[in-house]
Asks: 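Below are the structure tokens for one structure; questions will follow.
Keep in mind that what you see is a predicted model, and the values were worked out from it rather than measured.
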Amino acid sequence: MTPKELIRCSWPSNELSIRYHDEEWGVPVHDDRTWFEFLILEGAQAGLSWDTILRKREAYRAAFDNFDPAKVARYNQRKLDALLKNAGIIRNRLKIASAVANAKAFLAIQKEFGSFDHYIWDLTGGKPKVNRPRSMKDIPARTPESDAISKALRKRGFNFVGSTICYAFMQATGLVDDHMVTCFRKSQKMP
């Protein structure tokens with residue numbers, strides 16, 4: 001079967017979102033740089049479409065030093081002003097400032113727990129939660145687990161980590177598998 005003939009979840013609608021769905025969405029993450037990337041991108045996505053963020057993802061990687069939290073944590077006002085002028089990213093002052101605050105909180109978690117990966121998987125029981133949605137209406141915008149992650153991250157100084165953002169973060173990073181039961185990715189990832 002060619003990629004166009006595959007049965008997948010209903011939301012991917014263009015080449016970029018199809019590739020993201022087929023290769024990344026719902027795949028368990030264990031790399032701290034990738035965790036930080038998704039924290040920043042999910043926060044930037046608040047109020048916007050994920051397609052908008054996917055189109056700007058490479059510009060975000062360039063603008064935010066390939067999502068190196070140690071570098072982002074050191075950004076000064078001059079760097080923040082430059083980011084606000086960067087048309088390749090979402091130029092929202094609060095979202096940009098939150099990336100710096102989140103980098104500092106991220107580094108604090110790494111120092112305390114050895115890695116963000118260890119911390120976040122420990123919060124969620126160490127393995128992905130596998131749901132079996134039959135349609136998009138079966139997928140919640142938030143859950144008690146995303147409420148708990150949001151609360152834990154906010155307590156540690158993170159911004160733009162409300163429960164809805166955290167649920168999207170959980171889906172993107174494989175903490176939860178929300179591929180439709182008919183999606184070819186579900187059969188590849190069933191425990």
Side-chain angles (χ1 to χ4, degrees), residues 3-4 6-29 31 33-67 72 80 82-103 106 120 128-129 131-143 145-147 149-150 153-154 158-186 189:
K4 289 189 183 239
L6 291 172
I7 296 171
R8 59 179 51 87
C9 298
S10 60
W11 59 264
S13 60
N14 57 56
E15 186 177 323
L16 199 56
S17 63
I18 289 170
R19 188 171 68 242
Y20 171 71
H21 168 273
D22 291 359
E23 297 173 9
E24 288 185 83
W25 192 68
V27 176
V29 167
D31 171 70
R33 193 214 52 85
T34 304
W35 283 115
F36 185 64
E37 177 175 359
F38 277 110
L39 273 170
I40 300 308
L41 294 178
E42 292 293 349
Q45 188 261 336
L48 303 169
S49 75
W50 186 245
D51 274 349
T52 299
I53 300 304
L54 285 177
R55 284 192 304 275
K56 294 179 175 285
R57 191 174 190 185
E58 289 307 316
Y60 265 92
R61 285 178 174 155
F64 285 90
D65 290 293
N66 201 34
F67 297 105
V72 175
L80 295 178
L83 288 170
L84 283 168
K85 295 175 185 170
N86 185 336
I89 66 171
I90 306 302
R91 293 179 290 180
N92 176 296
R93 185 176 303 278
L94 294 175
K95 290 178 180 181
I96 291 170
S98 79
V100 177
N102 289 351
F106 192 92
I120 199 76
K129 179 179 181 182
N131 295 323
R132 301 196 48 80
R134 296 195 175 282
S135 72
M136 290 300 289
K137 68 180 180 220
D138 295 334
I139 299 175
R142 61 189 283 185
T143 63
E145 294 87 359
S146 67
D147 292 346
I149 289 174
S150 174
L153 292 177
R154 285 180 184 201
F158 286 85
N159 297 303
F160 282 91
V161 289
S163 187
T164 301
I165 290 172
C166 282
Y167 194 71
F169 173 71
M170 292 170 69
Q171 291 173 307
T173 59
L175 292 171
V176 64
D177 175 354
D178 272 340
H179 283 282
M180 302 291 167
V181 294
T182 55
C183 179
F184 83 97
R185 294 289 290 148
K186 181 67 84 182
K189 296 180 345 128

Asks: Looking only at heavy atoms, what is the nearest atom pair of D51 and N14, with distance?
Replies: OD2-ND2, 3.0 Å
Asks: With sequence neighbours excluded, give me every side chain to side chain donor-acceptor pair (under 3.5 Å) pair touching residues 88-102.
Replies: none
Asks: Sequence neighbours excluded, which residues qualify as side chain to side chain donor-acceptor pair (under 3.5 Å) partners of S49?
Replies: T52
Asks: Looking only at heavy atoms, what is the nearest atom pair of I7 and T182, with distance?
Replies: CG2-O, 3.2 Å
Asks: Mind checking the CG-CD spacing from L54 to Q45? Nearest 0.5 Å is all I need.
Replies: 9.5 Å
Asks: Considering residues at least two apart in sequence or located in another chain, which fulfil the side-chain contact (heavy atoms from CB on, under 4.5 Å) criterion with P12?
Replies: R8, C9, S17, I18, H21
Asks: Measuring from atom CD1 of I139 to atom CG of D178, what distance do you get when rounded to the nearest 0.5 angstrom?
Replies: 4.5 Å
Asks: Closest approach of A63 and I89, non-hydrogen atoms and distance?
Replies: CB-CG2, 4.0 Å
Asks: Return the CG to CD1 distance between L84 and I90, rounded to the nearest 0.5 Å.
Replies: 12.0 Å
Asks: Would you call the rings of F38 and Y20 parallel, tilted or perpendicular, where under 30° means parallel and over 60° means perpendicular?
Replies: tilted
Asks: Sequence neighbours excluded, which residues qualify as salt bridge (Lys or Arg N to Asp or Glu O under 4.0 Å) partners of E58?
Replies: R61
Asks: Using side-chain contact (heavy atoms from CB on, under 4.5 Å) as the criterion, list what pairs up with V29, not counting sequence neighbours.
Replies: T34, W35, T173
Asks: To the nearest 0.5 angstrom, please state how far the NZ atom of K137 sits from the OG atom of S135.
Replies: 4.5 Å
Asks: Let me confirm one number: the CD-NZ distance from Q171 to K129, rounded to the nearest 0.5 Å.
Replies: 11.5 Å
Asks: Mind checking what makes ring pair (Phe, Tyr, Trp, His ring centres under 6.0 Å) contact with Y60, not counting sequence neighbours?
Replies: F64
Asks: Output all residues satisfying salt bridge (Lys or Arg N to Asp or Glu O under 4.0 Å) with D138, sequence neighbours left out; order by chain, then residue number.
Replies: none
Asks: Taking only residues two or more places apart in sequence or in another chain, which ones pass side chain to side chain donor-acceptor pair (under 3.5 Å) with N159?
Replies: none
Asks: Just by modelled atom types, is the M180 backbone N or O under 3.5 Å from a matching donor or acceptor in the K186 side chain?
Replies: no
Asks: With sequence neighbours left out, what residues match R19 under salt bridge (Lys or Arg N to Asp or Glu O under 4.0 Å)?
Replies: none
Asks: Backbone N or O of V161 within a donor-acceptor pair of the S150 side chain at under 3.5 Å?
Replies: yes
Asks: If you look at every heavy atom in L153 and C166, which pair is closest and at what distance?
Replies: CD1-SG, 4.2 Å
Asks: What distance separates F184 CZ from D22 CG, expressed to the nearest 0.5 Å?
Replies: 3.5 Å
Asks: I'd like to know if the side chain of D177 and the backbone of H179 have a donor-acceptor N/O pair within less than 3.5 Å.
Replies: yes
Asks: Here's a test for you: under side chain to side chain contact (heavy atoms under 4.5 Å, CB included), which of L39, L41, V72 qualifies with F67?
Replies: L41
Asks: The test is ring-ring contact (aromatic ring centres under 6.0 Å, His included); show your working for W11 and W25 and say whether it passes.
Replies: CA-CA 12 Å; W11 59 264; W25 192 68; 5.0 Å; yes
Asks: Which pairs with one or both residues in residues 40-50 pass salt bridge (Lys or Arg N to Asp or Glu O under 4.0 Å), sequence neighbours excluded?
Replies: none
Asks: Looking only at heavy atoms, what is the nearest atom pair of N86 and G88, with distance?
Replies: OD1-N, 2.8 Å
Asks: According to side chain to side chain donor-acceptor pair (under 3.5 Å), who are the partners of S146, at least two apart in sequence or on a separate chain?
Replies: S163
Asks: Checking F106 now: which residues fulfil ring pair (Phe, Tyr, Trp, His ring centres under 6.0 Å) with it, not counting sequence neighbours?
Replies: F36, F116
Asks: Can M170 and I149 be said to form a side-chain contact (heavy atoms from CB on, under 4.5 Å), step by step?
Replies: CA-CA 9 Å; M170 292 170 69; I149 289 174; 3.7 Å; yes
